[in-house]
Amino acid sequence: MSAARKGKLKERHHWWPECLSAHWCGADGLINVIGADGREFKSPPANVGVIGNGHIIKLGKGKPSPWDESFEHAFDAADSALPRIVARLETLERQWVERPPRRTERFLTQPVTDAQIGELVESLVSLAVRSPKFRASAVAPAIHLRGPLEPDERHVL
């Protein structure tokens with residue numbers, strides 16, 4: 001592991017990038033959130049989609065190990081592209097059509113480059129693989145075979 005990524009036992013990662021959450025703020029600078037349990041609350045954008053140690057593989061059971069690794073850097077390109085993608089989406093032509101007769105009439109053709117499509121796809125896939133549902137499906141086989149996992153065990157999967 002590189003020196004820049006070595007030695008941290010706890011890190012704060014976002015599965016949902018803060019730059020996207022910031023677009024949902026109200027006048028008070030907060031976002032209205034509905035939790036998985038149905039509870040409604042307000043939160044600053046920096047706290048939406050936070051997962052502790054979500055992008056770290058820790059094998060030392062609470063102590064640093066030579067096998068520990070952070071893969072946060074794998075999402076750098078996708079996260080860096082998101083502000084450009086949002087800015088581009090905001091410039092796209094829009095046209096309100098009430099009850100279009102055919103589905104094809106609901107969409108306007110937009111000019112786009114292969115590079116822009118590539119950034120969009122990489123960012124969308126990045127959001128999908130970091131989502132709580134994807135993470136839960138990755139842990140589900142171990143829970144099925146072994147039963148409930150301790151938090152330390154769950155974090156290394």
Side-chain angles (χ1 to χ4, degrees), residues 1-58 67-143 151 154-157:
M1 177 182 341
S2 73
R5 294 180 276 156
K6 190 172 184 172
K8 285 191 175 181
L9 289 178
K10 293 189 178 195
E11 287 188 23
R12 185 178 145 101
H13 298 123
H14 287 80
W15 73 267
W16 183 258
E18 192 176 339
C19 70
L20 294 180
S21 300
H23 290 277
W24 300 338
C25 289
D28 58 1
L30 300 174
I31 299 170
N32 293 315
V33 180
I34 301 173
D37 60 0
R39 183 177 58 94
E40 295 179 33
F41 58 95
K42 288 188 172 262
S43 174
N47 292 346
V48 173
V50 172
I51 47 176
N53 301 324
H55 305 148
I56 299 176
I57 299 169
K58 300 184 305 178
W67 305 107
D68 294 349
E69 179 71 47
S70 170
F71 55 93
E72 176 70 10
H73 61 280
F75 302 112
D76 287 347
D79 288 348
S80 296
L82 283 169
R84 284 190 305 278
I85 292 168
V86 170
R88 169 135 173 77
L89 291 174
E90 289 174 335
T91 68
L92 295 180
E93 181 183 349
R94 297 179 282 280
Q95 179 181 344
W96 173 255
V97 178
E98 192 164 333
R99 295 185 177 232
R102 289 181 293 170
R103 188 174 299 178
T104 56
E105 294 176 7
R106 296 180 191 181
F107 303 101
L108 296 176
T109 303
Q110 305 286 327
V112 65
T113 66
D114 287 344
Q116 290 168 327
I117 291 290
E119 280 186 335
L120 178 62
V121 169
E122 182 174 8
S123 294
L124 292 174
V125 170
S126 169
L127 293 175
V129 300
R130 289 187 276 180
S131 74
K133 184 173 182 175
F134 185 82
R135 290 172 184 279
S137 68
V139 174
I143 292 172
R154 186 181 183 93
H155 288 306
V156 299
L157 294 177

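One is the number of the first residue; the rest follow in order along the sequence.
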* Asked: Would you say the side chain of Leu20 lies within less than 4.5 Å of the side chain of Leu127, judging by non-hydrogen atoms?
  -> yes
* Asked: Which pair of heavy atoms, one from Pro45 and one from Ile31, lies closest together, and at what distance?
  -> CA-CD1, 3.7 Å
* To do: Heavy atoms only: give me the nearest Pro44-Leu30 pair and the separation to one decimal.
  => N-CD2, 3.5 Å
* Would you indicate whether Asp114, at its atom CG, is surrounded by more than 12 heavy atoms from other residues, nucleotides or ligands within a distance under 6.0 Å? => no
* **Minimum-distance pair of heavy atoms, taken over all atoms of Ala78 and Ser123** => O-OG, 3.0 Å
* Asked: Hey, is CD1 on Ile34 packed in by over 12 heavy atoms from elsewhere, all under 6.0 Å?
  -> no
* Side-chain heavy atoms of Lys42 within contact of Asn32, under 4.5 Å -> yes
* Asked: Say you draw a straight line from CD of Glu93 to OG1 of Thr109; how long is it, rounded to the nearest 0.5 Å?
  -> 9.5 Å
* Can you list every ring-ring contact (aromatic ring centres under 6.0 Å, His included) pair that touches residues 80-133, not counting sequence neighbours? -> none
* Distance-minimising heavy-atom pair for Asp79 and Pro17 -> OD1-CG, 3.7 Å
* To do: Check Leu92 against Gln110 and note the closest heavy-atom contact, atom names and distance.
  => CD2-OE1, 3.4 Å
* To do: Heavy atoms only: give me the nearest Leu89-Arg94 pair and the separation to one decimal.
  => O-NH1, 3.9 Å
* **side-chain hydrogen bond (donor to acceptor under 3.5 Å, both in side chains) against Gln116, all qualifying residues, sequence neighbours excluded** => Arg88, Thr113
